[in-house]
Amino acid sequence: MTAYTPEDHLYMTQALRIAERGLFTSMPNPRVGCVIVKDGKVIGEGAHLKAGTPHAEIHALAQAGIEAKGATAYVTLEPCSHHGRTPPCAEALVHAGIKQVIIAMQDPNPLVAGKGVSYLETAGVTVQTGLMQAQAQTLNAGFVSRMTQQRPLVRIKIAASLDGRTALRNGESQWITSQAARADVQQWRARSCAMMTGIGTILGDNPSLTVRAHAIDRQPLTVVVDSHLRMPLDAKVLANPDVLIAYASDTSQKAEQLKEKGVALLHVPNAEGKVCLQSLLAHLASIEVNEVMVEGGDGLNGALMADNLIDTLILYYAPKLMGSDGKGMFGLPELVAMHDTVALEVDDIRQFGQDIRILARRA
């Protein structure tokens with residue numbers, strides 16, 4: 001087992017923080033940071049910010065200049081060894097004279113996995129892998145999911161009262177949570193490649209599902225699960241730059257009208273005549289969607305949970321009670337025994353204003 005020094009941890013921590021500069025912009029590429037160190041001094045650093053632009057290693061090497069010869073590079077993801085949108089970074093590190101590369105995690109992309117390390121080692125560079133691997137994997141959990149499971153990471157966001165209600169019986173739900181909690185939601189939207197909702201939410205709330213609180217030059221793809229194409233032609237989401245509607249049947253005869261408005265349609269029926277959510281997620285992976293954020297009602301939430309397609313739950317609880325007649329969080333079949341309940345593991349609890357946010361995942 002490789003022994004890393006406190007300084008190694010310090011520099012890799014710095015590289016991970018730098019990688020976060022691409023949190024809202026690097027997709028569909030992973031978020032990567034690089035720090036180049038020589039004689040105990042950082043001489044170069046960089047992050048990958050946008051697909052088609054230089055990778056983190058290239059930015060760091062440009063800063064380091066000729067001082068890069070004989071230095072150590074700390075990289076959060078295995079340097080690429082293939083020609084993609086940009087030239088291979090492993091080659092650039094070798095040409096710069098880097099003597100050692102310490103990598104947080106291997107690239108899950110089959111085009112790269114292990115090949116970057118092999119290239120560096122063949123060129124005489126000392127390579128170590130696995131320093132702060134868990135943190136690097138968390139930073140790129142969506143990219144890892146797409147590469148290894150052929151589906152995006154799915155986060156589901158729910159705002160509820162303390163008694164677990166997401167709306168009153170009449171459908172009113174604005175606003176359950178505070179401005180502070182809603183501002184935090186914008187952070188999660190901004191890092192997502194796609195926003196998903198169900199037709200029930202469109203008909204009831206008519207949301208826009210856009211990122212409004214961050215100055216980014218992109219909007220997530222809007223995905224609507226609409227089994228029978230009931231989408232109103234004046235829905236706010238149809239004004240978004242990219243909209244995909246997944247459907248099972250066109251009972252309302254709207255397909256052509258929606259296509260004329262520039263909406264992409266995906267016909268993925270399941271045996272019950274509803275949208276096949278597994279097929280939808282596989283399609284999203286095929287168009288390079290890494291992370292999906294779901295803001296839907298109990299129907300879509302329950303269907304995703306029943307199919308075991310939820311990776312992370314972002315639950316906001318407001319200090320209010322809405323009563324047993326209010327709408328619930330998950331439309332699941334009746335459970336008759338405690339061992340049938342869905343067990344969760346809590347990863348984080350924090351407060352936003354008076355609201356409590358819980359990050360959890362299925363146990």
Problem set entry | Heavy-atom closest pair, residues Leu284 and Pro152 | CB-CG, 3.9 Å
Problem set entry | same_hphob_cluster(Met27, Leu244) at 4.5 Å side-chain heavy-atom cutoff | no
Problem set entry | Sequence-distant partners of Gln179, side chain to side chain donor-acceptor pair (under 3.5 Å), two or more places apart | Arg182
For this session: Check whether any side-chain N or O of His48 sits under 3.5 Å from a backbone N or O of Asn29 as a donor-acceptor pair, and report yes or no.
Result: no
Problem set entry | Pair Glu78 + Lys115, salt bridge at N-O below 4.0 Å | no
Exercise. About how many Å separate CZ of Phe24 and CD of Gln187, when rounded to the nearest 0.5 Å?
Worked result: 4.5 Å
Exercise. Do you know which two heavy atoms are closest between Gly116 and Ala90, and how far apart they sit?
Worked result: O-CB, 4.2 Å
Side chains of residues 317-331: which donor-acceptor pairs under 3.5 Å do they make with residues two or more places apart or in other chains?
from, atom 1, to, atom 2, distance (Å)
Lys320, NZ, Ile176, O, 2.8

For this session: Would you check, one step at a time, whether the test side chain to side chain contact (heavy atoms under 4.5 Å, CB included) holds for Ile43 with Val37?
Result: CA-CA 6 Å; Ile43 59 172; Val37 179; over 6 Å; no
Problem set entry | With Phe352 via ring-ring contact (aromatic ring centres under 6.0 Å, His included) - residues at least two apart | none
Seminar exercise, completed: Rounded to the nearest 0.5 angstrom, the CE-OG1 distance for Met338 and Thr341 is 4.5 Å
Exercise. Is there side-chain contact between Val42 and Gln14, with heavy atoms separated by less than 4.5 Å?
Worked result: yes
For this session: Kindly say whether Gly114 contributes a backbone atom to a donor-acceptor pair with the side chain of Ser118 at under 3.5 angstrom?
Result: no
Exercise. Parallel, tilted or perpendicular: which fits the ring planes of Tyr11 and Tyr74, with parallel below 30° and perpendicular above 60°?
Worked result: tilted
Exercise. Would you say Ile216 and Arg218 make side-chain contact, with heavy atoms under 4.5 Å?
Worked result: yes
Exercise. Less than 4.5 Å apart, any side-chain heavy atom of Val75 and any of Val101?
Worked result: yes
Exercise. Other than Val224, what residues sit in its cluster of Ile, Leu, Val, Met, Phe, Trp and Tyr side chains whose heavy atoms are under 4.5 Å apart, directly or through others?
Worked result: Val185, Trp188, Met195, Ile199, Ile202, Leu203, Leu209, Leu229, Met231, Leu233, Val237, Leu238, Val243, Ile245, Tyr247, Leu258, Val263, Leu265, Met293, Ile314, Tyr316, Leu359
Exercise. Asp298 and Thr166: side chain to side chain contact (heavy atoms under 4.5 Å, CB included), yes or no, with the steps?
Worked result: CA-CA 9 Å; Asp298 63 344; Thr166 61; 5.8 Å; no
For this session: For residues Asn290 and Ser145, determine if any side-chain heavy atom of one lies less than 4.5 Å from a side-chain heavy atom of the other.
Result: no
Exercise. Can you check whether Ile102 reaches Met12 side chain to side chain, under 4.5 Å on heavy atoms?
Worked result: yes
For this session: Not counting sequence neighbours, list each pair that qualifies as a salt bridge (charged side-chain N to carboxylate O under 4.0 Å, His left out) and has a residue in residues 55-75.
Result: Lys38-Glu67
Exercise. Going hydrophobic residue to hydrophobic residue with side-chain gaps under 4.5 angstrom, can you get from Val292 over to Ile158?
Worked result: yes
For this session: Please tell me if the side chains of Leu23 and Leu139 come closer than 4.5 Å, counting only heavy atoms from C-beta onward.
Result: yes
For this session: Return the minimal non-hydrogen interatomic distance between Ala180 and Gly353, and the atom names on each side.
Result: CB-N, 3.9 Å
Exercise. Can any side-chain N or O of Thr76 pair as donor or acceptor with the backbone N or O of Ala104 at less than 3.5 Å?
Worked result: no
For this session: Test Glu20 against Arg31 for salt bridge (charged side-chain N to carboxylate O under 4.0 Å, His left out), laying out the working first.
Result: CA-CA 7 Å; Glu20 290 180 355; Arg31 298 140 184 156; over 6 Å; no
For this session: Using modelled atom types only, decide if a donor and an acceptor are shared between the side chain of Gln219 and the backbone of Val211 within a distance under 3.5 Å.
Result: yes
Problem set entry | Flag side-chain contact, heavy atom, 4.5 Å: Ile18 against Val35 | yes
Seminar exercise, completed: Looking only at heavy atoms, the pair that brings Ser227 and Gly273 closest together is CB-O, 4.3 Å
Exercise. What distance separates Ser279 OG from Leu277 CG, expressed to the nearest 0.5 Å?
Worked result: 9.0 Å
Exercise. Name the one of Val125, Val127, Val112 that satisfies side chain to side chain contact (heavy atoms under 4.5 Å, CB included) with Val117?
Worked result: Val127
Exercise. With sequence neighbours excluded, what pairs up with Glu345 under the side chain to side chain donor-acceptor pair (under 3.5 Å) test?
Worked result: Arg361
Exercise. So do the side chains of Asp242 and Thr222 get within less than 4.5 Å of each other, counting heavy atoms only?
Worked result: no
Exercise. Any Lys/Arg nitrogen of Glu45 or Arg21 sitting under 4.0 Å from an Asp/Glu carboxylate oxygen of the other?
Worked result: yes
For this session: Without swapping roles, check the side chain of Asp250 against the backbone of Ala255 for a donor-acceptor pair under 3.5 Å.
Result: yes
Problem set entry | Same apolar cluster (I L V M F W Y, side chains within < 4.5 Å links), Val154/Met147 | no
Exercise. With a cut-off of 6.0 Å (strictly less than), are more than 12 heavy atoms of other residues, nucleotides or ligands near CD of Gln354?
Worked result: no
Exercise. Looking at Arg155, Arg146, Arg151, Arg362, which hits salt bridge (charged side-chain N to carboxylate O under 4.0 Å, His left out) with Asp311?
Worked result: Arg151
Exercise. Between the side chains of Gln100 and Thr126, does any donor sit under 3.5 Å from an acceptor?
Worked result: no
